[in-house]
There are 2 protein chains.
Amino acid sequence: MVRLRTRSSNSDTPDRWEAQLRKGALEMAALASLWHGRLYGLEIIRFLEGESQLILAEGTIYPILNRLRAEGLLTSEWVEAEAGHPRKYYSLTESGRLRLMKMAEAWATFAAGLSRLLTPVLNPAVGTVTTQEKQEVFL
Amino acid sequence: MVRLRTRSSNSDTPDRWEAQLRKGALEMAALASLWHGRLYGLEIIRFLEGESQLILAEGTIYPILNRLRAEGLLTSEWVEAEAGHPRKYYSLTESGRLRLMKMAEAWATFAAGLSRLLTPVLNPAVGTVTTQEKQEVFL
DNA sequence: CATAGTACATTGCTATACGAGGTATGTGGC
DNA sequence: GCCACATACCTCGTATAGCAATGTACTATG
């Protein structure tokens with residue numbers, strides 16, 4: 001049962017920061033994955049990976065789901081599967097929906113602040129131009 | 001010298017997640033604050049607070065700056081101040097500039113993924129597709 | 001010299017992500 | 001029936017990070 005995932009988790013990896021970046025966004029992402037309807041654990045992982053490049057391990061998602069359930073933001077129910085093995089489906093509660101909307105708003109604010117900060121970095125032709133004209137910078 | 005900041009760190013605080021959200025983005029923000037020129041420690045804190053609502057404590061910024069310097073992403077120099085007390089100014093190195101640009105790109109990708117995930121949450125009027133496509137069902 | 005202000009630095013606590021490993025259930029080959 | 005395998009859920013241990021609190025150093029002012 002190989003579980004490699006090529007974490008390369010030693011200290012010399014220059015992309016460690018990227019892993020840290022995801023911290024804290026995970027609870028929000030987990031809630032968001034349930035917006036359209038119930039999913040079970042591994043399904044959430046696959047959904048997030050496909051939808052938003054957010055890769056997280058099983059050891060990550062289950063503690064998060066338990067935290068969220070303990071807070072009353074989602075509920076879980078065992079569902080028999082005709083093939084395979086029973087699955088625990090998670091659904092948003094009303095409280096979870098409201099919380100997610102608040103989180104999403106705060107995220108938008110946070111992202112806007114960082115975007116403003118990073119504008120000169122991502123778009124080197126800034127400072128001399130007020131509006132347009134010279135907007136043909138590489139994209 | 002009040003340093004309250006309303007910790008209230010017990011488990012019933014609904015805004016703990018927001019603090020976590022900032023994790024990992026701080027190194028990038030610290031680098032970004034130096035994009036226009038050198039700043040000293042406390043100045044970085046004030047800059048980030050004013051520019052992007054990113055509030056961080058001294059106990060946070062100094063370890064970050066030391067980490068970044070140890071990685072060669074920035075340099076520091078003591079500068080005598082005619083009034084007050086010498087300040088340690090930090091500047092981006094060429095390596096730091098490059099790294100920051102890479103970080104900014106990764107941030108943009110990450111933010112785009114989360115945005116896509118949160119679109120139905122932030123914009124309840126889904127179904128009235130304005131920019132069409134992207135309404136693909138997940139997997 | 002005492003107080004206050006500014007700036008840098010360190011320590012200790014707590015929370016978190018996540019790799020690794022474990023359990024339970026069903027399926028197919030022999 | 002048995003064994004290998006796949007799927008799914010769960011848990012423990014560890015490394016790391018943010019940050020409140022606290023300490024040190026220097027200067028200015030009265």
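- For A:Thr60, no side-chain nitrogen or oxygen approaches OP1 or OP2 of C:dA17 to under 4.0 Å.
- Pairing each heavy atom of A:Ala30 with each of A:Ile64, the nearest pair is CB-CG2, 4.1 Å.
- A:Tyr62 places its OH atom 20 Å from the P atom of C:dT16, with the value rounded to the nearest Å.
- Nearest heavy atoms, A:Arg69 versus A:Leu74: CG-O, 3.4 Å.
- When the nucleotides C:dC8, D:dC19, D:dC10 are ranked by their closest atom to the side chain of B:Ala57, D:dC19 comes out on top.
- Nucleic acid contact class of B:Tyr89 (heavy atoms, under 4.0 Å, all strands): none.
- Checked for salt-bridge contact, A:Glu77 and A:Arg38 meet the test: a charged N lies under 4.0 Å from a carboxylate O.
- Of all non-hydrogen atoms in A:Leu117 and B:Phe47, the two that sit nearest each other are CD1-CE2, 3.7 Å.
- When the nucleotides C:dT6, D:dT7, D:dC19 are ranked by their closest atom to the side chain of B:Arg87, C:dT6 comes out on top.
- The CD1-C1' distance, from B:Ile64 to C:dC8, rounds to 15 Å in whole Å.
- Of the residues in residues 33-45 of chain B, those with a non-hydrogen atom less than 4.0 angstrom from any atom of DNA chain C are B:Tyr40, B:Gly41, B:Leu42.
- Here the P atom of nucleotide C:dC18 and the CG atom of A:Leu54 are 9 Å apart, to the nearest Å.
- Side-chain atoms of B:Ser33 never come within 3.5 Å of backbone atoms of B:Ile44 as a donor-acceptor pair (strictly under, hydrogens ignored).
- Atoms CD (B:Glu80) and P (C:dC8) sit 13 Å apart, rounded to a whole Å.
- Applying the 3.5 Å distance criterion, the base of D:dC19 shares no donor-acceptor pair with the side chain of B:Glu58.
- The heavy-atom pair separating B:Leu31 from B:Leu92 by the smallest distance is CD2-CD2, 3.5 Å.
- Atom-to-atom, NE2 of B:His85 to P of C:dC8 comes out at 6 Å; the value is rounded to the nearest Å.
- Applying the salt bridge (charged side-chain N to carboxylate O under 4.0 Å, His left out) rule to A:Arg116 yields no partners; only residues at least two apart in sequence or on another chain are considered.
- Nucleic acid contact class of B:Arg46 (heavy atoms, under 4.0 Å, all strands): sugar-phosphate only.
- Summarising the geometry, the separation between CG on B:Leu65 and C1' on C:dA7 is reported as 13 Å, rounded to the nearest angstrom.
- Following rounding to the nearest Å, A:Leu68 (CG) and D:dC10 (P) show an atom-to-atom distance of 14 Å.
- In this structure, B:Asn66 places its CG atom 14 Å from C1' of D:dA17, rounding to the nearest Å.
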